[in-house]
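So the structure is just underneath, and the comments pick up after that.
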Amino acid sequence: MILLLEQLLNGLQYGVMLFLMAAGLTLVFGIMGLINLAHGSLYMIGAYAAAWTQQQTGSFLLGLAAGLAAAGVLGVALEMAILRRLYGRAHLDQVLATFGVILFANEAVAMLFGRQPLMAGLPRWLAGAVEIVPGVPYPLYRLAIIAVGLAVAAGLYGLIAHTRIGMLVRAGATHRALVGALGVRIGLLFTAVFGLGALLAGLAGALTGPLLSVQVGMGERILIATFVVIVIGGLGSVRGALAGSVLVGMVDTLARAYLPGALRGVMAAADADALGAGLSSMAIFILMAAVLLWRPRGLFPTHG
Amino acid sequence: MVETPRQVVVLLASFAVMAGLPAIAAAAGRPDFVTLGSQVCIMAIAAAGLDLLMGRTGLPSFGQAAWFGLGGYTVAILAAHAGDGSLPGWVTGAWFAWPAAILVPAVLALGIGALCLRTTGISFIMITLAFAQMFFFLFVALKAYGGDDGLSMRRRNALPFIGPRDDVGFYYVCLAALVLVLLVLRRVWRSRLGVVLDGIRQNERRMLAIGLNPFPYKLAAFVLAASLGGLAGALHVNLFRFASPDLLHWTQSGELMVMVVLGGLGSLWGAVFGAAALVLLHVFLAQWTEHWMIVLGPILVAVVLLARRGVWGALGGR
Amino acid sequence: MTRITRRAALAGASLLATPALLRAQPAPLKIGFVTTLSGPGGYLGADIRDAFLLAIKNDTLGGAKVQVMVEDDGLKPAQGKQIVDRFLKTEKIRLFTGIVFSNVLEAVAPDILDEGAIYVSPNAGPSSLAGKNCHRNYFVVSWQNDTLHESAGENANRLGHKRVFVLAPNYPAGRDAITGFKRFFKGEIAGEIYTRLDQTDYAPEMAQIRAANPDAVFQFHPGGLGIAFIRQYQQAGLGGKIPMVVSSPSLDSTTLNAVGDAALGIEVSAQWNSDFDNPVSKKFVADFQARHNRMPTYYASQGYDTALAIAAALKATGGRVDDTEAFRREMLKANFHATRGKFRFGSNQHPIQDWYAIRPQRGADGKLFLKTQGKVLSDRGDAYAEQCKL
């Protein structure tokens with residue numbers, strides 16, 4: 001029971017991380033109709049900038065700020081230099097051009113920082129564990145990530161439901177052409193939305209550093225899971241991204257924790273763990289395929 | 001589709017270079033050129049199949065590597081079983097293993113294609129990716145066939161007249177397979193199927209309106225693309241005598257898409273030039289700098305943004 | 001690509017341009033050095049390479065002119081195979097070394113050996129190549145994988161642990177690790193988990209360890225994996241509560257720097273440590289630090305010993321490797337002083353050596369370092385030697 005509780009928290013923490021990525025990706029798709037594979041690169045850039053700054057200055061918070069700034073600035077630059085030209089294009093063109101951006105970003109980071117992973121430590125006030133229920137310590141830092149993620153979700157809800165930008169975002173997601181026709185400076189809106197998404201990706205990357213190792217290629221691994229999330233949630237829907245993130249985080253973590261054990265009854269430990277790991281990695285894709293076949297537009301479809 | 005005289009000249013010249021490659025390699029003292037040539041032929045087969053789906057029919061599949069890997073694993077698994085005696089030795093003959101490597105993906109593609117084709121647009125891209133990822137993790141999980149560590153194949157599939165270590169002979173086999181595939185695809189392009197597929201890409205509703213159900217045609221293209229992916233995978237595993245889940249990695253699917261677009265989307269012959277361009281870029285940029293991808297990335301962006309006709313468009317002048 | 005390979009690539013390019021006749025001087029002996037330089041395991045390969053090259057003075061090893069061609073396999077067996085294929089066919093290399101990871105070695109070793117070339121391992125020693133499938137041209141200078149972890153198993157006995165939870169990645173060396181540990185550990189296994197080699201988040205495993213509440217944890221996660229594991233172990237509140245017993249790959253001087261205080265209390269075992277009191281080791285540590293400005297790891301010592309072993313054989317054969325039987329005779333004599341002290345080859349051409357307990361400590365300068373405690377195993381060969389018929 002206690003073990004299950006801990007695994008549920010692990011699932012939630014992974015889900016929150018996915019949400020930080022998915023929110024930006026799904027907004028960009030919803031409003032600009034762009035599939036941006038390079039979103040994972042912004043996550044990697046955030047992680048590297050944060051870890052490097054933290055190594056240089058010794059300050060976790062400065063690192064966090066640097067991660068956000070680097071991802072935000074480079075994100076906006078990327079939008080203005082390349083992605084802007086892809087908005088009206090076929091999805092295939094978008095996939096390929098942003099695939100090219102991934103290759104470039106990975107190599108640029110490898111040249112700057114080398115191929116060895118960077119390590120970022122935790123500040124004392126976030127290290128260690130707290131007892132969530134008596135006798136069950138849980139890493140404080142992972143709890144902090146959950147809190148940040150939920151705060152971002154609440155903030156995004158406020159932004160989208162109650163502000164003028166939010167109104168434009170909602171309008172843009174459902175009637176893209178109309179918003180432009182209303183005389184809104186659509187280019188500026190696009191850049192702003194993209195910048196917000198980049199900022200969130202940078203935040204996710206910066207938060208990841210102390211948990212995992214910061215290395216080239218880290219962006220693609222979370223990118224694929226993020227796409228699963230937004231496809232399940234319904235492309236363009238932030239609400240769907242939240243639901244999809246938690247669902248994918250839970251399914252992935254629980255499958256990973258319990259499938260091998262279930263298989264051990266029938267085969268050797270090494271084989272059971274390999275099969276369990278493989279099947280649990282497949283789980284989210286099976287989930288996505290099932291959702292797509294059942295509701296091709298995802299759980300929370302946006303476009304009418 | 002009728003090639004212009006200029007295109008015919010380009011094709012014949014390219015074929016002459018390919019046919020003379022082993023001699024060129026020997027003269028230059030670079031036997032690895034032969035391996036490169038085989039790689040180009042193999043990737044071109046997979047890319048040409050994908051072009052039928054992506055370029056001709058307008059269905060961008062992000063899962064072509066699944067079929068590539070399935071074909072490769074089919075021959076490697078047959079060889080592994082023949083090696084430990086659980087299957088008779090003749091299953092490692094190319095006459096059996098290669099058709100099997102085409103058939104296994106084709107049958108699976110029939111079922112999976114029927115599911116995937118219920119979606120369109122970005123959903124299609126994503127669901128093909130999802131199925132490819134499932135196969136990727138399946139092979140990672142199968143410890144019996146090496147899992148992550150991959151599965152070595154002690155010797156190539158037996159071919160008449162060509163020894164298991166004859167790299168030049170194997171290169172000509174790959175080249176012959178490529179030429180055969182291209183001639184078949186050219187017929188398909190010009191057949192009723194090809195014309196309908198073109199119509200589907202331009203306007204699927206119009207096809208429906210004239211009383212044609214596009215579904216079986218799309219499925220046929222999907223299965224054909226998968227079969228060619230399987231054949232290419234079988235040849236690839238024969239070339240390196242090694243199968244690993246990397247064959248099915250999503251970046252492999254991405255690279256195949258890149259080859260098609262680099263060569264010229266929907267142009268059939270383009271796939272060959274796209275495959276050649278990417279394989280050669282990889283090798284020669286990698287010799288020049290370890291960070292070759294920093295050059296390849298911008299090239300890719302530039303091709304998408306500026307040079308949409310690809311290499312074939314530039315060479316063939318259309 | 002390292003500086004050396006780039007030079008090699010240029011040489012390859014100029015080879016295209018000039019007729020072979022114009023090349024003066026006898027060509028140096030080419031050594032194919034395939035290793036892992038990128039990813040979380042990248043510093044392992046870099047350490048082995050740097051130490052190997054440290055033993056080469058003026059392009060000379062054992063009196064023979066050599067040219068080391070270094071390439072990165074990226075921890076991908078397929079990539080390793082392509083490099084080896086090119087090295088064998090285009091560069092005509094007959095002597096290979098450098099591979100870090102067992103899965104890469106298992107994939108490429110048959111290619112090298114089938115071609116009649118020689119492989120000398122500075123690190124990986126998978127069980128699959130130590131027993132029935134041992135080979136006359138295949139030598140291991142480091143250790144057979146299992147023995148690393150046999151020493152950890154014996155160390156766990158010594159420390160009095162009764163119930164141990166074991167974890168390792170699911171690849172050949174990971175499975176060898178758990179086999180080796182269990183072979184010598186006399187207590188009960190509280191739980192056994194195989195992680196993924198590309199896994200970086202161990203949160204679910206931490207929860208399972210806590211639930212099993214063992215006396216100690218044995219884990220094998222080389223390089224960057226180990227860093228992530230130990231840090232997350234600490235973050236989960238397990239560090240300091242449940243002791244950890246590991247073998248050298250899971251805690252070396254590089255990972256020690258990265259994990260910091262979280263390493264205190266971890267019990268390590270290894271065949272070499274940087275505080276060894278013999279002249280070869282002392283000179284090696286001093287030279288390595290002088291040239292690279294960092295502490296050499298176990299991997300580095302293995303790379304250096306490998307170079308010394310090859311040097312001794314080359315010296316005796318006059319720098320020739322084409323007569324593989326002559327090379328083998330000289331190689332097996334192990335006519336050199338290793339950094340680890342006592343060293344000889346067993347019947348399957350894997351080492352017979354001593355194993356030591358090691359513990360991270362805080363030095364007088366406040367920095368952490370690894371301190372040798374005492375011998376765990378003496379003259380240990382490996383469990384597969386008797387299956388090898390050479």
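Chain A is the first sequence line, chain B the second, and so forth, proteins listed ahead of strands; every chain is numbered from 1. In this text, all values refer to a predicted model and were calculated from it rather than measured experimentally.
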*Portion of A:L9 that has a non-hydrogen atom of chain C nearer than 4.5 angstrom*: neither
Do you know which two heavy atoms are closest between [X] and [Y], and how far apart they sit?
{"X": "A:R221", "Y": "C:Q199", "answer": "NH2-CA, 4.2 Å"}
{"X": "A:L3", "Y": "C:A207", "answer": "CD1-O, 3.2 Å"}
{"X": "A:R142", "Y": "C:D201", "answer": "NH2-OD1, 3.0 Å"}
{"X": "A:L212", "Y": "C:T200", "answer": "CD2-O, 3.3 Å"}
{"X": "C:P204", "Y": "A:N10", "answer": "N-ND2, 3.8 Å"}
{"X": "C:K241", "Y": "A:P137", "answer": "NZ-CG, 4.4 Å"}

*Go through C:E205, C:Q208, C:M206 and name the one with the most non-hydrogen pairs under 4.5 angstrom from chain A.*
C:Q208
_Just so I understand: if I count every heavy-atom pair under 4.5 Å between each of C:A203, C:G237, C:A228 and chain A, which residue has the most?_
C:A203
_Can you tell me which portion of C:I193 sits under 4.5 Å from chain A's heavy atoms? Options are side chain, backbone, both or neither._
both
_Given heavy-atom pairs under 4.5 angstrom as the criterion, report whether the side chain, backbone, both or neither of C:Q232 touches chain A._
side chain
*Check step by step if side chain to side chain contact (heavy atoms under 4.5 Å, CB included) holds for A:R256 and C:R196.*
CA-CA 11 Å; A:R256 205 144 71 80; C:R196 280 187 49 109; over 6 Å; no
*So, does C:R231 use its side chain to make a donor-acceptor pair with the main chain of A:L122 at under 3.5 Å?*
no
